[in-house]
Amino acid sequence: NAGVTQTPKFQVLKTGQSMTLQCAQDMNHEYMSWYRQDPGMGLRLIHYSVGAGITDQGEVPNGYNVSRSTTEDFPLRLLSAAPSQTSVYFCASRGLGGGQPQHFGDGTRLSIL
Amino acid sequence: EDKVVQSPLSLVVHEGDTVTLNCSYEVTNFRSLLWYKQEKKAPTFLFMLTSSGIEKKSGRLSSILDKKELFSILNITATQTGDSAIYLCAVVGGTSYGKLTFGQGTILTVHP
């Protein structure tokens, strides 16, 4: 069972470079989301989607873009990386029905120099 | 703005101790509260709580929700070194599809 798959696991970028973090799930979940995790701040929501073609901003959306062309995939784009975006990024998915816990990918550790 | 606050932020105990982790929240249209355990990688699901006063239990872990006072506790009895992790509390609220808001997490360290 693949669940939620994130790639890459690690990445180092230079300031100003662009990058796409990939996320795919095979559970036919409608809801997908991206979080960043920084020390002492828990998980903060960047963007989320409730289905193909529908996305919305979370708590910390600036500097990130998303799209949802299929149910399975939800890539996160950094258009011009900044050192403040150094973080661990988690993708998650769940069904929309009540009582559905989120399933997380293993994370991408991103460093911006 | 939805808010979830966990306490303590960190805790160091010895094997065999019992610990209580706290989570308080202010959320519009509360739907459920979830507890996760995070070791080296992704958070793993522990409990989902939707009703007040009903204890959820799994082995040495248990949790309960108080919707009147807006908090939840996670208890771990007879702690083991394998319980060392970050424990995250999250609340689902808002719109019908329910956005999760996470607390800062509690870092639990269990020494042998």
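These numbers were taken from a predicted model, which means no experiment stands behind them. Here is how names work: the chains are called A, B, and so on, in the same order as the sequence lines, proteins then strands, and each is numbered from 1.
- With 3.5 Å as the limit, one finds a donor-acceptor pair spanning the side chains of Q102(A) and Y35(A).
- Proximity to chain A (any heavy atom under 4.5 Å) is restricted, for L34(B), to the side chain, taken from C-beta onward.
- Taking the six-membered ring for Trp and thresholds of 30 and 60 degrees, F30(B) and Y25(B) have nearly parallel ring planes, at less than 30 degrees apart.
- Only the side chain of Q38(B) comes within contact range of chain A, with heavy atoms under 4.5 Å apart.
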>> Please determine whether side-chain contact (heavy atoms from CB on, under 4.5 Å) holds for the pair S67(A) and T55(A), giving the CA-CA distance in whole Å, both sets of side-chain angles, and the decisive distance to 0.1 Å.
In response: CA-CA 7 Å; S67(A) 59; T55(A) 64; 5.7 Å; no
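- Residue contact with chain B, scored on non-hydrogen atoms closer than 4.5 Å, involves the side chain of Q37(A) exclusively.
- No side-chain N or O of D17(B) forms a donor-acceptor pair with one of T79(B) less than 3.5 Å apart.
- Residue contact with chain B, scored on non-hydrogen atoms closer than 4.5 Å, involves the side chain of L45(A) exclusively.
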